[in-house]
There are 2 protein chains.
Amino acid sequence: MISLKDLKKKVKENGYKLTPQRKAILKVLIGHNKHFISAEDILKETIKIYPNLNITTIYRNLEILEDINMLHKTKDNNTALYCLICEESHHHHIICKICGKTEIIDFCPLKKFSDLVKEKNFILTDHKIELYGYCEDCKKDLNP
Amino acid sequence: MISLKDLKKKVKENGYKLTPQRKAILKVLIGHNKHFISAEDILKETIKIYPNLNITTIYRNLEILEDINMLHKTKDNNTALYCLICEESHHHHIICKICGKTEIIDFCPLKKFSDLVKEKNFILTDHKIELYGYCEDCKKDLNP
DNA sequence: TTGTAAATGCAAATAATTTGCAATTAGGAG
DNA sequence: CTCCTAATTGCAAATTATTTGCATTTACAA
């Protein structure tokens, strides 16, 4: 289980200061561990911890966390979503198209891809596998 | 091989008119078949065919084509990219992080995912697998 | 040929994200 | 502990892709 302490440590190791704003953001992220969350929603949560934190600060910190490989960013609609990278296991997600609920799919077919990629003379650096559908709650509301 | 004629037919079948602007857009899309392209780049190309076509028209048509399932939209950086859906084969892509060149990876591990998804009580409706890296040309320019 | 809903072009609006800049602050050096 | 400096923040304004309102034009079925 990833801890707030670990996150703070990694931030410091990378030469960034531990401001109260940054700590609040980390706390919120860890509260949503393994689920995607938007910058705006992070703001709503952090404000409870550090009342007048600015959205700019959120964005700047998310960018830093992404740079030092602590955060995974994805953008499918018009709003970017973020999710802590927990290194324990490499995995992908299924995302509910209605409520955004996210579950982990603990399987990665990357090895099978890498040969195919080599054939195309690409160097593979990143990959993103996202599954979409309806979660248990939302599927009840679907029209028959 | 998908043809312009097929595309026009599908557009008509769905009750949309065949305006010259729309035809120009389809022509450009088919010219980039199996590769992603941005709205702005589509505009640059269509303008050669239909000189004062407006970017709004591009966006509105891309939305229609997406609605009738002729177009696949993806958004990773801040710009959406579009790619005709050719139904002949289901596949995924590798995208060069520098120049955007796209190649097809003709493999889909979806079946392996579906069992895992069922365990989570989701209904799986869509999936997106995107691989990123550097293409043959761009990898030459990478710093050593 | 005509009528009408669909489609277009333009300008203005929107919304997420970024940037400039002055003020504040974390945290290492002394 | 105090001071210094680079890092960080907050605010307001800029940016950029995309969308919307509206008047005008057009495809195409009758």
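All values below were derived from every heavy atom in this structure, side-chain atoms included, with hydrogens, water molecules and symmetry-related copies excluded. Every chain is numbered from 1, with letters handed out A, B, ... down the list of sequences.
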Are B/Phe36 and B/His72 close enough that their ring centers fall under 6.0 Å? yes
Can you tell if the side chain of A/Ile47 reaches within under 4.5 Å of the side chain of A/Leu43, non-hydrogen atoms only? yes
Counting C-beta onward and ignoring hydrogens, is there a side-chain heavy-atom pair between A/Glu45 and A/Ile49 closer than 4.5 Å? no
Between [X] ([atom1]) and [N] ([atom2]), how many Å, whole number?
| X | N | atom1 | atom2 | result |
| --- | --- | --- | --- | --- |
| A/Ile58 | C/dA16 | CD1 | P | 14 Å |
| B/Ile47 | C/dT8 | CD1 | P | 15 Å |
| B/Leu43 | D/dT16 | CG | C1' | 15 Å |
| A/Asp67 | D/dA7 | CG | P | 15 Å |

Tell me whether B/Lys23 at atom NZ has more than 12 heavy atoms from other residues, nucleotides or ligands lying less than 6.0 Å away. yes
Check: A/Ile37 main-chain N/O paired with A/Asp41 side-chain donor or acceptor under 3.5 Å: no
Just by protein heavy atoms under 4.0 Å, how would nucleotides 17-30 of chain D read 5' to 3' in B, S and -? SBBBB-----BSS-
Does a side-chain N or O from [X] land closer than 4.0 Å to OP1 or OP2 of [N], or not?
| X | N | answer |
| --- | --- | --- |
| B/Arg22 | C/dA6 | no |
| A/Asn54 | D/dC11 | yes |
| A/Asn52 | D/dT9 | no |

Locate the shortest heavy-atom distance separating B/Ile68 from B/Val11; write the atom from each residue and the value. CD1-CA, 4.4 Å
Side-chain ion pair, A/Glu40 and A/Lys44, N-O less than 4.0 Å: no
If an axis is fit to five pairs at each end of the helix from C/dT1-D/dA30 to C/dG30-D/dC1, what is the angle between the two, to the nearest 10°? 30°
